[in-house]
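So that the names make sense, note that chain A is the first sequence line, chain B the second, and so on, each numbered from 1.
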Number of protein chains: 2
Amino acid sequence: MELQMLELYHGSPAANSLKALLPLKEKGVEYVSHYMNLLEFEQHEPWFVKINPNGQVPVLVHDGRSITESTVINEYVDESFPGVPLRPADAYGRAQMRIWTKFVDEYFCPALSFLGWHAMIRTAVKHLTPEEFEARIARIPLKEQRDKWRESAAQVWTDGQLEDWRRRVRTSIARMEEGLRGPWMLGEQFTLADVSLFSMLIRMPQYYAEIVNDRDSPRVIEWYGRMMNRPAVKETLAIQPPAGAERPRRSTGR
Amino acid sequence: MELQMLELYHGSPAANSLKALLPLKEKGVEYVSHYMNLLEFEQHEPWFVKINPNGQVPVLVHDGRSITESTVINEYVDESFPGVPLRPADAYGRAQMRIWTKFVDEYFCPALSFLGWHAMIRTAVKHLTPEEFEARIARIPLKEQRDKWRESAAQVWTDGQLEDWRRRVRTSIARMEEGLRGPWMLGEQFTLADVSLFSMLIRMPQYYAEIVNDRDSPRVIEWYGRMMNRPAVKETLAIQPPAGAERPRRSTGR
């Protein structure tokens with residue numbers, strides 16, 4: 001029964017989970033959703049670490065074979081399924097697209113996720129005893145992530161370090177503002193570059209209004225409005241956790 | 001005259017420059033070489049920053065259009081030119097390849113280049129006065145790079161931080177050792193995954209013999225030996241700077 005089956009393990013439609021969810025809607029590809037409870041760190045549970053040893057979502061499972069990394073997943077989905085192409089037809093266009101998706105992965109996303117994590121960690125762990133906190137950390141597969149947890153929970157970062165991460169976010173938006181080539185990032189075609197950037201931008205007009213606004217980034221704001229009007233974006237943002245999903249859900253047969 | 005022309009701006013055949021040089025040899029693609037003097041930081045000179053605003057090599061210029069980022073360049077070259085394919089024919093194989101090339105870019109290369117830079121900075125700048133050093137820094141386009149220069153020159157890093165970077169290098173080699181699927185990283189086919197990893201590994205059996213050696217990483221050592229026997233690898237490693245290249249060379253017509 002697993003053959004010919006497409007499954008996506010993902011969190012709420014934001015950041016890297018949104019990045020992997022949106023192309024499936026844009027292309028009209030059917031899949032089985034495994035909505036993970038990231039606030040309860042379900043991605044670090046042993047059953048999921050068997051699926052992705054890094055303990056991270058999203059993960060695509062196609063005919064029983066796993067693919068990790070949202071950016072890699074998206075090129076795979078575009079190459080493997082019919083529907084509207086989300087990559088330019090020419091090699092130069094694809095290269096330009098990949099420079100953007102790489103920029104998101106290596107520069108924009110780390111800055112944003114650092115700041116988001118820094119703001120969120122106290123809320124996320126405040127109901128845990130120190131022993132529970134250590135137990136949660138102990139099962140995180142990647143040392144870099146364990147370190148980030150500990151350092152963020154201890155709030156060791158200086159104002160200067162936090163400001164440097166904010167500077168990177170500002171630089172990312174400035175680069176977008178300058179780089180927009182048309183209605184979409186690369187011009188007339190909606191591509192995975194738009195998907196990657198939007199997945200990061202999604203909450204920024206609200207939470208980073210001092211950076212993303214009509215005055216400082218008017219073209220980004222217009223692009224954001226066009227994104228929000230896309231039917232596939234509306235459908236993807238409306239994805240809700242399944243009823244009773246507060247407890248970890250295991251997929252059938254795993 | 002620039003049409004139908006392929007040019008590569010690169011440094012010596014190591015790290016990211018090696019990564020972009022090797023596929024051109026493997027595929028037998030002719031190109032005009034612009035061998036940059038990275039030890040004199042030619043990549044930060046104004047004429048080159050016009051070609052790549054980030055002031056980084058390698059840069060491929062094809063028919064007058066620039067492509068940056070060695071990993072992006074390599075997929076472009078494989079898509080654009082005849083010769084032996086350096087990417088798997090199937091989408092799943094390409095996804096596996098991209099997970100490796102992404103791992104190199106986001107994890108392995110930053111660790112290795114941090115340590116290399118830390119070891120090299122004093123030699124690279126010892127002939128400069130403080131004023132000359134500041135002038136060199138002032139023309140570096142990316143703030144992250146300016147910070148890295150200043151911090152490395154001041155040798156601010158603690159032993160603990162340096163050890164953490166070495167741990168990442170060890171982790172990278174351990175992951176390779178475990179991940180090797182055949183004679184090449186993905187199995188029978190030589191791909192851009194091998195190219196990316198080899199570009200990082202090139203000097204490691206010599207300079208990181210405590211990590212890359214027969215006992216701890218026997219499969220990596222065997223793979224390294226196979227790599228060194230490839231004719232295209234031998235030709236690429238033999239690339240020498242042009243005579244009299246101590247002075248910056250401008251390409252004709254730029």
Side-chain angles (χ1 to χ4, degrees), chain A residues 52-54 56 59-81 87-107 109-111 141-144 146-147 151 160-161 164-165 167-168 170-171 175 178-179 193, chain B residues 52-54 56 59-81 87-107 109-111 141-144 146-147 151 160-161 164-165 167-168 170-171 175 178-179 193:
Chain A
N52 182 3
N54 287 345
Q56 293 174 322
V59 176
L60 188 76
V61 184
H62 188 201
D63 292 351
R65 298 196 292 190
S66 293
I67 299 167
T68 58
E69 302 289 351
S70 52
T71 303
V72 176
I73 288 171
N74 283 355
E75 291 224 38
Y76 177 83
V77 164
D78 199 50
E79 290 175 354
S80 301
F81 297 97
R87 304 183 307 162
D90 66 301
Y92 182 75
R94 284 192 294 278
Q96 298 310 108
M97 181 197 85
R98 287 175 185 139
I99 287 171
W100 281 114
T101 59
K102 192 172 168 65
F103 173 73
V104 167
D105 292 351
E106 297 181 5
Y107 191 88
C109 177
L142 296 180
K143 180 177 187 306
E144 289 74 23
R146 294 196 297 273
D147 290 348
E151 289 166 344
Q161 286 169 314
D164 196 57
W165 288 109
R167 179 190 60 75
R168 291 179 194 226
R170 277 197 304 276
T171 300
R175 195 175 289 196
E178 194 192 326
Chain B
N52 182 4
N54 287 346
Q56 292 174 323
V59 176
L60 188 76
V61 183
H62 187 200
D63 293 351
R65 298 195 295 191
S66 293
I67 299 168
T68 58
E69 301 290 351
S70 53
T71 303
V72 176
I73 289 171
N74 283 356
E75 290 224 39
Y76 177 83
V77 164
D78 199 49
E79 290 175 354
S80 303
F81 296 98
R87 304 182 307 162
D90 66 302
Y92 182 75
R94 284 191 294 278
Q96 297 311 106
M97 180 196 85
R98 288 177 184 137
I99 287 171
W100 280 113
T101 59
K102 192 172 169 65
F103 173 74
V104 168
D105 292 350
E106 297 180 6
Y107 191 89
C109 177
L142 296 181
K143 180 176 186 306
E144 289 73 24
R146 294 196 297 273
D147 289 349
E151 288 166 344
Q161 286 170 315
D164 196 57
W165 288 108
R167 179 190 58 78
R168 291 178 194 226
R170 279 196 303 275
T171 300
R175 194 173 292 194
E178 194 192 327

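Taken from CD in A:E69 to CZ in B:F103, the straight-line distance is 10.5 Å, to the nearest 0.5 Å. Of the inter-residue distances, the one linking B:D105 atom CG with A:D105 atom CG reads 10.0 Å to the nearest 0.5 angstrom. In this structure, CD1 on A:I99 lies 10.5 Å from OG1 on B:T71, to the nearest 0.5 angstrom.
Every side-chain contact (heavy atoms from CB on, under 4.5 Å) that A:A91 has, sequence neighbours left out, goes to A:R94, B:Y76, B:E79, B:S80.
Of the atoms belonging to A:N54, it is side-chain heavy atoms, and not backbone ones, that fall under 4.5 Å from chain B. With a 4.5 angstrom heavy-atom cutoff, A:T171 does not touch chain B via any of its atoms. Looking at A:T101, neither its backbone nor its side chain comes within 4.5 Å of chain B, counting heavy atoms on both sides. Only the side chain of A:L142 comes within contact range of chain B, judged by heavy atoms closer than 4.5 Å.
Of the listed residues A:D90, A:I73, A:T68, the one with more heavy-atom pairs under 4.5 angstrom with chain B than any other is A:T68.
A salt bridge links B:R98 to A:E75: one of the charged nitrogens lies within less than 4.0 Å of a carboxylate oxygen. Remark: B:E106 does not engage A:K102 in a salt bridge, criterion side-chain N to carboxylate O under 4.0 Å.
B:I67 and A:A95 make their closest contact through CG2-CB, 4.1 Å (heavy atoms, listed as atom of the first residue, atom of the second, distance).
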